[in-house]
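See below for the structure under consideration.
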Amino acid sequence: MPRWDAFLDRYRPMARALARSLAGSTSDPDDIVQEAALVLLGAVENDGAEFESTAHARNFLLRTVRNLALRARRDGGRTRPLEVEPPDDDGPSAQAVVRRQRELGRLLGQLEPDERAFLARRFLAHETLAHIATETGTAISTLHSRERALLTRLRELARRAGMDGDDA
Amino acid sequence: MKQPRPTALSLLAGELDEADVEALLAETERASEASDELDLVCDLVAALEREPELLSATTPLRSELVELDADSTHIELATPRPRPLPLVAALALAAASVLALWLLDREPAWPASLAPPPWLATELRGPDTDPAGALARDFAAAMAPYRTRAWSAAGAALDTFLDDHPEHAPARFYRAVCFEHEAEFDRASRAYRRVADDDSDLLGDHALWRLAHLRLAERDAEAARALLNELVARDGPFAPNAEALLAEPFWPR
């Protein structure tokens, strides 16, 4: 698993978005992510070998966020401050992760205006495909295909730009 | 109809329930492509959190539909012409809108009327002697005023085309759209109904979808709900749209 700060820089925003989408207004998404991160840290301490894969740690974090968010929606979850000292490990620094993300963001400029507009509705406004489909009279299945094709294209652009290296 | 596998972007929009989230994460453990896609989305979420202007340069969030290029065959969403709204003002407006929605205690919004659908143009090939090519060219010519939203002229052109080709389903569909935008709602309804009855695929579904929205515009919830249920039962391309709309909170009890 990469350095803790690099890992959080990469996955905390998505974890926060997932918490917000599942818990709604019942809880602060940052509190949920904080607690999930604590759970992950505890799991890493118990069995670090299991979390050598970044992808595994990522999914553990997102699953924990999901569970905590749903619990918060049901009965108002408690949150705990991050007390445990993060582990020290080799791997890409947080700055490198942020730099890579910034370069990835620049790739969005290579998309067509209508493609950027569509992604803005999804990434920034968090609009559902159903809402977009209703507004535009487009079949949801068409939007699904469109979205998948866009993400595939972005991955290809990233690969060509030499950004497909992963720290897993 | 089998639902398409959601992308990682569905995690942002709250489209997935607990089981769907688990299925998505499980897929990333089975397929490296799915895992890479999730990582890509995570990175872009983080990048856009710091620099949302990477996507906001061309976007108010509402899109309009455009016709396709001649050699394109699938539906695309258009962007409105860029408006040079300063970024700070745009973000402030967006934040104020979100805050207003949170603060206001109001009824769920009744859906707005649909925008006119794009006309899907396909590249015309073949000599003038090719009947299929000639038909497509004649239809394209009839659709010329539609592209500029000249509804009356478009309706007249399509009437002329339909005199020679009365069974041309796309022409009947777009004629119905013209009726709708000329406020001839009874004629639009009859035209959409006929297209829906004669075509069991995308065009028929789309006609039924628009017919349901005509009833919604009239606040005829019972009729709209029946049409949407019909769409669900057809299990065609617009079935997911209909299901999603039926699940919205604005329906009267």
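Naming convention: chains lettered A, B, ... in sequence-line order (proteins, then strands); numbering from 1 in each chain.
- The candidate with the highest count of non-hydrogen atom pairs below 4.5 Å against chain B, out of A:Arg63, A:Arg12, A:His56, A:Arg66, is A:Arg63.
- Using a 4.0 Å cut-off between a side-chain N of Lys or Arg and a carboxylate O of Asp or Glu, A:Glu112 and A:Arg153 do not qualify as a salt bridge.
- Between chain B and the residues A:Leu111, A:Val98, A:Leu62, A:Thr152, the most heavy-atom pairs under 4.5 angstrom are made by A:Val98.
- Listed options B:Asn241, B:Leu11, B:Val45 were ranked by heavy-atom pairs under 4.5 angstrom with chain A; first place goes to B:Asn241.
- Among A:Leu18, A:Leu151, A:Leu129, the residue with the largest count of heavy-atom pairs under 4.5 Å with chain B is A:Leu151.
- A salt bridge does not link A:Arg122 with A:Glu127: every distance from a Lys NZ or Arg NE/NH1/NH2 to an Asp or Glu carboxylate oxygen is 4.0 Å or more.
- Contacts of B:Ser189 classified as side chain to side chain contact (heavy atoms under 4.5 Å, CB included), with partners at least two apart in sequence or in another chain: B:Leu211, B:Leu214, B:Arg215.
- By the side-chain hydrogen bond (donor to acceptor under 3.5 Å, both in side chains) test, B:Asn229 is found to be paired with no residue, residues two or more places apart in sequence or in another chain being considered.
- At a 4.5 Å heavy-atom cutoff, the contact between A:Arg58 and chain B is made by side-chain atoms alone.
- Ring centers of B:Trp151 and B:Phe179: at least 6.0 Å apart, outside the cut-off.
- Proximity to chain B (any heavy atom under 4.5 Å) is restricted, for A:Arg16, to the side chain, taken from C-beta onward.
- Only the side chain of A:Leu108 comes within contact range of chain B, judged by heavy atoms closer than 4.5 Å.
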